[in-house]
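Everything below concerns the one structure shown next.
Per chain, numbering begins at 1; letters A, B, ... match sequence-line order.
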Protein chains: 2
Amino acid sequence: MTKITARQIAAQTGVSIATVSRTINNNGYVHADVRARIEAAMRDLGYLPNQAARNLATGRTRTVGLVLQTLHSPAFVDMTEAIQMTLREKGYFLLMCNTQFNQQIETDYLRLVQSGMLDGMITNAINDTATEMRQLVQQNYPIVFINRSLTGIEGQPTRTGFVQMDLQHATFLATDYLAGLGHRRIGVITGDMQLSTQQRRLGGYREALQARGLEFDPLLVQAVAVNRNEATRDGQLTPKNANALHEATVQATGEFLTAMPDVSALIVIYHTMLPGVLQAIRQVGRRVPDDLSLVAFSDFPMAPFLDPPLTVVAQPSTEMGHKAADMLVALIEQPAQPAQHVLLRPELIVRQSCKPYP
Amino acid sequence: MTKITARQIAAQTGVSIATVSRTINNNGYVHADVRARIEAAMRDLGYLPNQAARNLATGRTRTVGLVLQTLHSPAFVDMTEAIQMTLREKGYFLLMCNTQFNQQIETDYLRLVQSGMLDGMITNAINDTATEMRQLVQQNYPIVFINRSLTGIEGQPTRTGFVQMDLQHATFLATDYLAGLGHRRIGVITGDMQLSTQQRRLGGYREALQARGLEFDPLLVQAVAVNRNEATRDGQLTPKNANALHEATVQATGEFLTAMPDVSALIVIYHTMLPGVLQAIRQVGRRVPDDLSLVAFSDFPMAPFLDPPLTVVAQPSTEMGHKAADMLVALIEQPAQPAQHVLLRPELIVRQSCKPYP
DNA sequence: TTGAAAGCGCTAACAC
DNA sequence: GTGTTAGCGCTTTCAA
């Protein structure tokens, strides 16, 4: 655990510490022979430059944060891996900031950019409308939003980017498909988060209904309460919110299906709620697809092997991850400019969880 | 993006920079009034201490790394979230280091501890037998291994910890359950990694066979080749290895099932291979559980909703994550001592993917 | 092509 | 209780 410093490499090689720095960073002029000797010494002594010192000296950390609510969603896993691989190729590191839907934790993590610990942030933050968020953006810290939007910064030079799946189209695809099968009472299970995206998701639903001449009934939209304030683990050492969300989903969906016996099709907007919905469907004694058609959001490797194989709206998560990482690095390394936007299309993958309405 | 420094807070408040530092860190003596004024100034100016500077001055970063091959395994997701939540409570951050099974990337990430970027590491590194690994351990860098072991360091004071599921018992549970149902030709689908754990996994298999008076046939153990050298994304922007692994699994399993028609039960050791195995089973025209009984490793939320509901050996992933994080923080904050060990028990969750042998 | 020197912004003795 | 001072290990002008 002996720390070798650049000073020792310099002494060993008989050069100045500045020359060592130049060869480490491969900039400035260093004589080939000298460079070779220095590199040999670094190898021999197992020298690795101290990152903390470099960070302080350069004012950069080559580390960015990823603020997500949870990884319990295959789309987030895909995105996270894609982000990390892309960042690695570009010489950046990734700090994981899962919030478990807790807004306080989210805010704390977002601050890390301001504290100089992170060069930037990729996030699908819940409180995207909060003042902290706008402040960050206005202070020109590099931020890329995933499936979020932010009003009031149009045209202003910031270091903000947006990577979005076309959410309205995603919900449209699902709704239109079900309506095309003859379903007239199509339920939606969603979260209660006040997201900037919520209205676009429902927008696609309404758009599809209208196109098919169906009426929008707000009672068909069932929001499941997400606990955003407690995220500490309970005695069981289990993430409390995961369980709470599951229970809340089972209950809300069960009551919904019971209260609305004429609902013949269901769209599940958030993957995290899917197991709860499936359980509730079983509990109320309905069968998919015979008694209820089902479309879920996000594809996942097991979807073809469910009973029945699940029809889903697939999100181009991996591509979104790559784009987000590319975009963030560009924002970090370039001056502020008007916000960048990338919009990707979702895709309906039809399997066997839907049937024509009798 | 104006950077406020402690110096400015000091000037604003009319105290020295040292006093500001004391109130930030809440150590040493600071008069209550002075403290209040400093805190007010910090709040007013939106001051946040620069992390890079603190890291350099203290020689610590309060950041640890998590080196995993992939997040495409629910057990790893559970573990990652648990680790992150525990670390957060203790004031540490988590750097994600996914390797996509690439050994070079793995080694690169492991070095981050030596470069002073990370205070420690939690890992299930593949090359746990490699010299780099032993070197890290011998240099007393805090490392916690998950489901790995390391020989030759017994009794030596190091900063090493081990959190393990009882792998031998896990395989024993699965094998014994299937043998108890009357199966005599029980196949195992595993990876080809030269892991220190592989023999323990197979040990449980052999142990259960022996206890049931069945013979061990090495032909019943099918290893799927894992590509450990390429991890760059391909033109499709898709993690190459994920696809490659999937294809390799489908093919190897398909050939295995065709070559071994008398195999009536299958144990799948790695969750990442499960979709490939399920697909291969379909392709060769076998049906679970009628033509083939199946036990998979790691439980996951969708397991009860597969066709058929899947019998699994569940890993206490969340608890393992908490333990690993607790252990690592202890190793970081305390002097070297003989390695710590935690061994947790797996659990067989019986659903409907197995039937008695006819 | 190289070296000297001044920081980067903070912490931690040590003195008062 | 508080201030002074010397670093932490590197990068980066500026001279030589």
Side-chain angles (χ1 to χ4, degrees), chain A residues 1-39 41-42 45-63 91 111-119, chain B residues 1-39 41-42 45-63 91 111-119:
Chain A
M1 208 146 168
T2 335
K3 319 252 175 171
I4 313 287
T5 67
R7 154 175 279 112
Q8 291 173 48
I9 301 294
Q12 177 94 3
T13 327
V15 298
S16 81
I17 182 175
T19 304
V20 173
S21 175
R22 284 190 202 97
T23 87
I24 290 171
N25 297 292
N26 202 24
N27 64 11
Y29 298 92
V30 180
H31 192 89
D33 296 353
V34 177
R35 167 181 298 280
R37 270 168 41 225
I38 291 175
E39 281 170 349
M42 296 199 296
L45 297 175
Y47 168 75
L48 291 171
N50 181 292
Q51 288 303 325
R54 307 181 89 176
N55 292 345
L56 179 56
T58 59
R60 312 181 42 194
T61 61
R62 300 197 76 88
T63 304
R111 263 193 243 287
L112 293 183
V113 190
Q114 293 165 307
S115 75
M117 183 170 186
L118 302 176
D119 291 349
Chain B
M1 210 146 165
T2 337
K3 320 250 173 168
I4 313 288
T5 67
R7 155 175 278 111
Q8 290 173 49
I9 300 293
Q12 176 94 3
T13 328
V15 299
S16 81
I17 185 176
T19 304
V20 173
S21 175
R22 283 191 201 99
T23 89
I24 290 170
N25 297 293
N26 202 23
N27 63 11
Y29 298 93
V30 180
H31 193 90
D33 296 354
V34 177
R35 167 181 299 277
R37 271 170 40 226
I38 291 174
E39 281 171 348
M42 296 198 296
L45 297 176
Y47 168 75
L48 290 172
N50 180 291
Q51 289 302 327
R54 306 179 89 176
N55 292 345
L56 179 57
T58 59
R60 313 180 38 193
T61 61
R62 300 198 75 88
T63 303
R111 263 193 242 288
L112 293 182
V113 190
Q114 292 165 308
S115 75
M117 183 171 185
L118 302 176
D119 291 349

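Between chain A and DNA chain C, the heavy-atom contact criterion of under 4.0 Å yields a 5' to 3' nucleotide range of C:dT1 to C:dG9.
There is a side-chain donor-acceptor pair under 3.5 Å between A:N25 and A:R54.
In terms of the side chain to side chain contact (heavy atoms under 4.5 Å, CB included) criterion, residue partners of B:N26 (sequence neighbours excluded) are, by chain and number, B:R35. For B:Q114, the side chain to side chain donor-acceptor pair (under 3.5 Å) test picks out B:Q139, with sequence neighbours left out. Considering only residues two or more places apart in sequence or on other chains, B:I4 meets the side chain to side chain contact (heavy atoms under 4.5 Å, CB included) condition with B:Q8, B:I9, B:L45, B:Y47. Scored by the side chain to side chain contact (heavy atoms under 4.5 Å, CB included) test, B:R37 finds B:T13, B:V15, B:V34 as partners (sequence neighbours excluded). Residues that satisfy the side chain to side chain donor-acceptor pair (under 3.5 Å) test with A:T23, not counting sequence neighbours, are absent from this structure. In this view, A:T58 and A:R60 satisfy the side chain to side chain contact (heavy atoms under 4.5 Å, CB included) rule, not counting sequence neighbours. Residues passing the side chain to side chain donor-acceptor pair (under 3.5 Å) test with B:R7, sequence neighbours excluded: none. Partners of A:D119 according to the side chain to side chain donor-acceptor pair (under 3.5 Å) rule, which considers only residues two or more places apart in sequence or in another chain, are A:T61.
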Taking protein heavy atoms under 4.0 Å as touching, what does nucleotides 6-16 of chain D look like 5' to 3' if B marks base contact, S marks sugar-phosphate-only contact and - marks none?
-BBBBBB----

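Of all the heavy atoms in A:A10 and A:S16, the pair that sits closest is CB-C, 3.8 Å.
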Show me the dot-bracket string of DNA chain C, counting Watson-Crick or G-U pairs under 3.5 Å, with | for pairs to another strand and [ ] for crossing ones.
||||||||||||||||

